[in-house]
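Okay, so here's the structure we're looking at.
Computed over heavy atoms, backbone and side chain alike; hydrogens, waters and symmetry mates excluded.
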Amino acid sequence: MSGSILQVHHLSKTFPNGVQALRDVSFEVMPGEFLVIIGLSGSGKSTLLRCLNRLQEPSSGQVFYQGQNIADLKSVSDIRRLRKKMGMIFQHFNLIARQNVLKNVMMGNLASKSGWQSVLGIFSEQEKQKALECLQLVGIADKAYLRADQLSGGQKQRVAIARALMQGPQILLADEPVSSLDPATCQVVMNYLKKINQELGITVIANLHFLSLVRQYATRVIALQEGQIVFSGSPQQIDQEWFEKIYGAGAADVS
Amino acid sequence: MYRKLVFDGVLFSFILSVFVFSTILRMDEDSMNLTLLSIVTVSLFLVGMGSSYFLSRRRILTLGGVLFEPNSTASGVWYKSLWAWQLVLALLVAFVMAFVKTGFSFIELFDENGFAGAMRLFQGIADPNWNILPKAVYNIIETVFMAFLATALAIPPAFVLSFFCAQNIMKSPGARLIYIFLRTGLNITRSIEALIWAIIFSVWVGIGPFAGMLALMIHSIASLAKQFSEMVEASEEGPVEAITSTGASKLQIVWYAIVPQVLLPYISFIVYRWDINVRMATVIGLVGGGGIGTMLVQYQGQAMWREVGCIIAVIAVVVWALDQASAHIRDALK
């Protein structure tokens, strides 16, 4: 228990349409870990990440973060404070297409801004500098003044990482960060995630599909099947037998 | 299921009440007995609903079933099926009623006197009196600016309302209530034609362009708010999720994740609305909304067709020009 940054206890999530996405999920995350969650599509991976920053409302269970049960936060400002400490990146990058890259990154800081400042679009010189630093960390500062929709997929995901870094997060949630990228670009993006994990000490919790990537980057793996944890351990422990258990008999590792 | 029953009931009571009231219980404008009419119609409606239910129990397909039950397929030859005869009969009754009610008459259409009058009118219009051109141009300028101001003043309220009328933003139960309230209000406002608003405002602020402008503005707010809110509802969920995950407030989420997505369609709708408003402004002038329409109704009342011809020519040129301009601008905005 001691020393962990996040503790999930008996977390369950049932959607209003009756689909049970998570069943009694419990695990802990240590600071600085690169935790990877694997499982088939629909196994509850995305829902699990979204329950951690309250993009989804957990149905039952507790999530302890900094000694606080965040599954139980009621006030909007408390939830917003929580989200600020957890950056998130997405499969489809979710940048604002018509804005330039720098503006997209500065949006990571919206939680610290007043309503009027943000409606008028006023960003300070410090914010601009910080955004440029974040872009530098992912090696894309030269694209700062291009429109976001002019970038390639890999570049967009790096901008999304910079936006998350702008928040100054302790934890980065990555929901299938490389699923819509080609294999070469995949490695680039994963290397940047590894870099911010190791150099900035940001804990990463990522959903991934390819086992080769899992073995290469994860420090620990959790496997979900129909909303339940069926495996928890080091990536090296996942042999053919486990693989078939997680992905179903007859499945083959394609990468 | 209930839609099917209601539809069949309405169809049944429509056909039979037309028969009843044109044969046994004839009424005219003065002997109209609303109580009797509603009793007969409602009871026929209930009988119709009942028989529709009975027929569906016997697995006989009715027109309501064809329309509203997705998994029912019409099979067999059409003239052997009940629903086809329902359709034919209903359309037949509707056409007969419509011809009788509108007093459709070929005799009047080709009556010699009336036809000569129409010819005089067309001759006048075809040979416009260009002496009143300056006055017509002066008035159409008034109309164009009336439409411009109505559109411009409608933008801010419609912009704000559009977010409160979008289902994907108004999710919590309290917000839901505001959403339903606003949506209903806008639907009612929109269902009242600009022409009626012009009548209201011409009593309120007096006949003239100001009344016409207010009428167009009210109608524009309701129409734009509806079109805008549909754009908000069609906006991508991804950016919203991303901005939410940074810890942004509701206002910031709307401003940074949704507004950039809807801005171009909004401008396109606004340009189109201005175009529509210019056309509507000429019609609104007819009931005292000022501008070229008021001028038109004055000359028309005196049967001065050559002057009317000049006004129509001016309207046609301006409407055509604005229509072209708005089409080009909207095309460029895509």
Side-chain angles (χ1 to χ4, degrees), chain A residues 46 49-50 52-57 76-100 103-121 147-149 156 159-160 163-169 172-175, chain B residues 155-164 166-179 228 231-270 329-330 332-334:
Chain A
S46 292
L49 284 193
R50 281 168 175 72
L52 299 182
N53 68 351
R54 293 289 294 271
L55 284 181
Q56 297 274 1
E57 297 296 309
V76 178
S77 57
D78 284 346
I79 294 175
R80 285 176 52 199
R81 246 195 306 279
L82 164 75
R83 284 179 185 150
K84 185 171 163 44
K85 289 176 199 150
M86 294 191 189
M88 188 163 187
I89 61 173
F90 304 84
Q91 180 182 356
H92 298 295
F93 328 124
N94 295 351
L95 299 181
I96 310 304
R98 291 180 190 281
Q99 303 281 9
N100 72 27
K103 192 104 183 270
N104 263 287
V105 176
M106 290 194 290
M107 286 177 203
N109 202 31
L110 282 175
S112 326
K113 296 182 77 70
S114 76
W116 285 113
Q117 274 179 327
S118 38
V119 166
L120 295 174
R147 253 172 62 157
D149 51 5
K156 281 181 186 166
V159 173
R163 175 173 64 189
L165 290 179
M166 186 80 189
Q167 292 172 230
L172 181 73
L173 308 172
D175 187 21
Chain B
I155 297 168
F159 181 84
V160 174
L161 279 171
S162 69
F163 300 105
F164 291 97
Q167 241 171 327
N168 54 345
I169 292 183
M170 307 298 277
K171 273 180 185 156
S172 71
R176 209 70 192 168
L177 218 63
I178 300 173
Y179 162 85
F228 283 1
M231 283 297 110
V232 174
E233 283 172 357
S235 65
E236 272 181 71
E237 188 54 32
V240 175
E241 210 179 20
I243 299 296
T244 310
S245 76
T246 68
S249 67
K250 199 84 185 174
L251 176 71
Q252 291 170 327
I253 295 166
V254 169
W255 193 252
Y256 281 92
I258 296 179
V259 170
Q261 291 190 58
V262 296
L263 213 52
L264 276 189
Y266 276 22
I267 295 171
S268 174
F269 279 131
I270 290 165
I329 293 171
R330 278 181 288 131
L333 284 175
K334 263 176 201 158

- Message: Looking at every heavy atom in both A:Leu49 and A:Met88, which two are closest together, and how far apart are they?
- Response: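 Distance-wise, the nearest heavy atoms are CB-CE, 4.3 Å.
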- Highest number of heavy-atom pairs under 4.5 Å with chain B among A:Arg50, A:Lys113, A:Lys103 belongs to A:Arg50
- Query: Among A:Met86, A:Arg54, A:Gln99, A:Lys84, which has the most heavy-atom pairs under 4.5 Å with chain B?
  - Reply: A:Lys84
- Task: Report the option among B:Val259, B:Leu251, B:Thr244 that has the most heavy-atom pairs separated by less than 4.5 Å from atoms of chain A.
- Result: B:Thr244
- Message: So which residue, B:Ser245, B:Pro260, B:Gly238, ends up with the most heavy-atom pairs under 4.5 Å with chain A?
- Response: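 Winner by heavy-atom pair count: B:Ser245.
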Would you indicate whether the side-chain heavy atoms of [Y] and [X] approach each other to under 4.5 Å?
{"X": "A:Met107", "Y": "B:Thr246", "result": "no"}
{"X": "B:Val232", "Y": "B:Phe163", "result": "yes"}
{"X": "B:Glu236", "Y": "A:Asn94", "result": "no"}

- Message: Between B:Ile253 and chain A, with a heavy-atom cut-off of 4.5 Å, which part of the residue counts as in contact: side chain, backbone, both or neither?
- Response: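 Neither; nothing under 4.5 Å.
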- So B:Phe159 and B:Tyr266, would you call those rings parallel, tilted or perpendicular, with 30° and 60° as cut-offs?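 If you compare the ring of B:Phe159 with that of B:Tyr266, the planes turn out perpendicular.
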- Proximal component of A:Leu173, with respect to chain B [non-hydrogen, under 4.5 Å]: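 Nothing of A:Leu173, per the 4.5 Å heavy-atom cut-off to chain B.
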